[in-house]
Q: 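If you scroll down you'll find the structure; I have some questions about it.
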2 protein chains.
Amino acid sequence: MSSPARKLDIREANEALILRAAEKQFALHGFRGTTTEGIANEARLPKANVHYYFKTKANLYRQVLKGILEDWMDAAAAFEADDDPQRALTAYITAKMQFSRQRPYGSRVWASEIMRGAPVMERFLGTTLKTWVNARVRTIRSWISAGKIRAVDPESLLYMIWAVTQHYADFERQIAILNGGNAFDERQYRERVEQVLKLILGSVGFEAQEMTRVRQRASA
Amino acid sequence: MSSPARKLDIREANEALILRAAEKQFALHGFRGTTTEGIANEARLPKANVHYYFKTKANLYRQVLKGILEDWMDAAAAFEADDDPQRALTAYITAKMQFSRQRPYGSRVWASEIMRGAPVMERFLGTTLKTWVNARVRTIRSWISAGKIRAVDPESLLYMIWAVTQHYADFERQIAILNGGNAFDERQYRERVEQVLKLILGSVGFEAQEMTRVRQRASA
DNA sequence: GTCTATACGTTGATAGAC
DNA sequence: GTCTATCAACGTATAGAC
């Protein structure tokens, strides 16, 4: 009952529960606007437990961001896997759209953190992210030199990919209201991924012959 | 000295001061995370004055959003002014990029409001914005039918424009850090507007003259 | 119109019973 | 490991002197 293994299980389960609740609250209300009581209620635990497991609100916030960064890295890896621009961009955009779908609150915590000036993520942005961006910029430049894509500014292209893919997580509510009050279902979201791919690939010069199956925009 | 005209001047000046300070604070910390004291400090006024002019924090927040919506409408008008897709899209994207440049905090307040579920803007989104979007969707469909642009999903295109243009306001800090720690200067920003135009216009099939020849399909 | 003082609820964090 | 009770600090808002 109180064996070390059992205790670890409880700890892990509760920590995961609190992290998930915290991610949602931080996404909805930002760091300052989130209360530990709000997190506790969301996790259906007493407020004191939140402090027992994570000590301070600031520390819990850092742990939430850390989890998001891990998933971010996974999506980033999709870009590096292939040297063909169409395949690499498709893999990356698809991974980012999946992240937005599966972890919309994580995306919003990131957005909120940057909107307030990125006090916690500053270091990550200036080191890991900058290094990653520099490498991607070189890859894109090589594609341009080889005539594989149009001559666009690589950073502008990267930012467009981030902006568009994250928009579907961060502005989910607006999109749902404009969709008649309903969030996208799975079918709608898959179709949207196709459209995003078509638009972004189109912006660097690829036309949509490869994905003509999806195109169904003839009717009024 | 205390003539009605003079009093009105003071009121208007202070209200404007508080509104600007509030916009910044709400942008940085969201509705809940913003304190009336923070707004007062930002405006260099005593906390009580904020309540004297705007009564409650919630009301001040609504006034800030109202001001942002007005500017948003102005930018929206740029889309309707022209029936030629290239000119209409260029005017709209340029107006939106200018808004992001001149009012980055306004853009972030909007983002923050939507990320928390749009409790205040819900009505606007479902009425004015939805009507505007529907009209724009019809326009874009007519361009597609007339063969003036590629057959893309109109809403996906609109969302891409919003996402990309607002990204430069909402993620300003991240962009600055990736830019070596410095925010874009005027020249850099103008160039970025050109790149954004090139990418988005390219996504619907317009190619910049300079690189018409460069475009060749990547042979895998 | 301005601002100090303050009422009163909320919040982050902890102590200590279970 | 769990949770109730508690507290100092902070937050919104107002009263009332100037």
Side-chain angles (χ1 to χ4, degrees), chain A residues 1-65 109 112 116 119-120, chain B residues 1-65 109 112 116 119-120:
Chain A
M1 206 56 159
S2 59
S3 69
R6 178 82 182 107
K7 276 189 185 173
L8 262 180
D9 285 356
I10 291 173
R11 168 169 285 271
E12 269 175 48
N14 280 344
E15 282 183 359
L17 207 61
I18 292 166
L19 280 169
R20 221 159 49 95
E23 182 169 301
K24 179 171 178 182
Q25 290 297 307
F26 286 133
L28 292 176
H29 308 295
F31 176 70
R32 280 207 203 165
T34 294
T35 67
T36 53
E37 192 179 15
I39 294 169
N41 290 343
E42 183 78 38
R44 295 170 184 279
L45 286 173
K47 184 165 67 153
N49 288 28
V50 174
H51 285 100
Y52 171 71
Y53 284 113
F54 291 94
K55 201 66 184 173
T56 68
K57 179 175 141 178
N59 180 54
L60 173 52
Y61 180 71
R62 279 191 297 271
Q63 300 305 315
V64 168
L65 275 180
V109 175
S112 170
R116 73 181 184 130
V120 174
Chain B
M1 207 50 158
S2 59
S3 69
R6 179 84 182 104
K7 277 188 183 175
L8 261 180
D9 285 355
I10 292 173
R11 169 169 285 271
E12 270 175 46
N14 279 345
E15 282 183 359
L17 207 63
I18 292 166
L19 280 169
R20 222 160 48 95
E23 182 169 301
K24 179 171 178 182
Q25 290 297 307
F26 285 133
L28 292 176
H29 308 295
F31 175 70
R32 280 206 203 166
T34 294
T35 66
T36 53
E37 192 179 14
I39 294 169
N41 290 343
E42 183 79 38
R44 294 169 183 279
L45 286 173
K47 186 165 64 155
N49 288 29
V50 174
H51 285 101
Y52 171 71
Y53 284 113
F54 290 94
K55 203 66 185 172
T56 67
K57 177 176 142 179
N59 180 53
L60 174 53
Y61 180 70
R62 278 191 298 271
Q63 300 305 315
V64 168
L65 274 180
V109 175
S112 170
R116 73 181 184 131
V120 175

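Proteins get letters first, then strands, A, B, ... in listed order; numbering begins at 1 in each.
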Q: If I take atom OH in residue A/Tyr61 and atom P in nucleotide C/dT11, what distance separates them, rounded to the nearest angstrom?
A: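 Whole-Å distance recorded here is 19 Å.
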Q: So, is B/His51 close to the D/dT14 phosphate, meaning a side-chain N or O under 4.0 Å from OP1 or OP2?
A: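 For D/dT14, OP1/OP2 do not have a side-chain N/O of B/His51 under 4.0 Å.
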Q: Mind checking the CZ-OG1 spacing from B/Arg62 to B/Thr56? Nearest 0.5 Å is all I need.
A: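 Spacing of CZ (B/Arg62) from OG1 (B/Thr56) equals 6.0 Å.
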Q: Starting from C1' on D/dG1, measure out to CG on A/Asp9 and report it in whole angstrom.
A: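 Going from CG in A/Asp9 over to C1' in D/dG1 covers 14 Å.
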Q: A/Tyr53 side chain N/O closer than 4.0 Å to the phosphate oxygens (OP1, OP2) of D/dG1?
A: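 False: A/Tyr53 side-chain N/O out of range (4.0 Å or more) of D/dG1 OP1/OP2.
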Q: State whether A/Thr36 places a side-chain N or O below 4.0 Å from either non-bridging phosphate oxygen (OP1 or OP2) of C/dT11.
A: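 No, because none of the side-chain N or O atoms of A/Thr36 sits under 4.0 Å from OP1 or OP2 of C/dT11.
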Q: Closest to the B/Thr56 side chain: D/dC3, D/dA13, C/dC3?
A: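 Out of D/dC3, D/dA13, C/dC3, the nucleotide with an atom closest to B/Thr56's side chain is D/dA13.
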Q: Just to be sure I understand the rule, does A/Phe54 reach a base, reach only the sugar-phosphate, or reach nothing, if contact means heavy atoms closer than 4.0 Å?
A: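 The residue A/Phe54 makes no contact with any strand.
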Q: Going from CZ on A/Arg32 to OH on A/Tyr61, what distance comes out if it is rounded to the nearest 0.5 angstrom?
A: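 It comes to 11.5 Å.
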Q: Could you label the plane-to-plane angle of the B/Phe31 and B/Phe26 rings as parallel, tilted or perpendicular, counting under 30° as parallel and over 60° as perpendicular?
A: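 Parallel: the ring planes of B/Phe31 and B/Phe26 meet at under 30°.
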Q: So if I take every side-chain heavy atom of A/Ile10 and compare against D/dT2, D/dA15, C/dT14, which nucleotide ends up nearest?
A: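 Of the candidates, D/dT2 comes closest.
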Q: From C-beta outward on B/Pro46, which listed nucleotide comes closest to its side chain: C/dC3, D/dG1, C/dA15?
A: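 Looking only at heavy atoms from C-beta outward on B/Pro46, the closest nucleotide is C/dC3.
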Q: Is a donor-acceptor contact shorter than 3.5 angstrom present between the side chain of B/Lys57 and the base of D/dG11?
A: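 Donor-acceptor pair under 3.5 Å: no.
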Q: What is the separation between atom CG on A/Leu17 and atom P on D/dG1, rounded to the nearest whole Å?
A: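 Those two atoms, CG and P, are 15 Å apart.
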Q: Whole-Å distance between C/dT10 P and B/Arg32 CZ?
A: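 Taking CZ of B/Arg32 and P of C/dT10, I get 12 Å after rounding.
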Q: For the CG atom of B/Leu17 and the CD atom of B/Glu12, what is their distance to the nearest 0.5 Å?
A: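 Taking CG in B/Leu17 and CD in B/Glu12, the distance rounds to 13.0 Å.
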Q: Return the value, rounded to whole Å, for the distance between atom CD1 of B/Ile39 and atom C1' of D/dT12.
A: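 One finds 11 Å between C1' of D/dT12 and CD1 of B/Ile39, rounded.
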Q: Tell me which of A/Tyr52 and A/Glu37 sits closer to the 5' end of DNA chain C, going by the nucleotide each one is nearest to.
A: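 Looking at DNA chain C, the more 5' nearest nucleotide goes with A/Glu37.
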Q: Which heavy-atom pair separates B/Ile39 from B/Ala21 by the least distance, and what is that distance?
A: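 Between these two residues, the closest heavy atoms are O-CB, 3.6 Å.
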Q: Taking any heavy-atom pair under 4.0 Å as a contact, classify A/Lys47: base, sugar-phosphate, or nothing.
A: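 If one applies the 4.0 Å heavy-atom cut-off, A/Lys47 turns out to touch a base.
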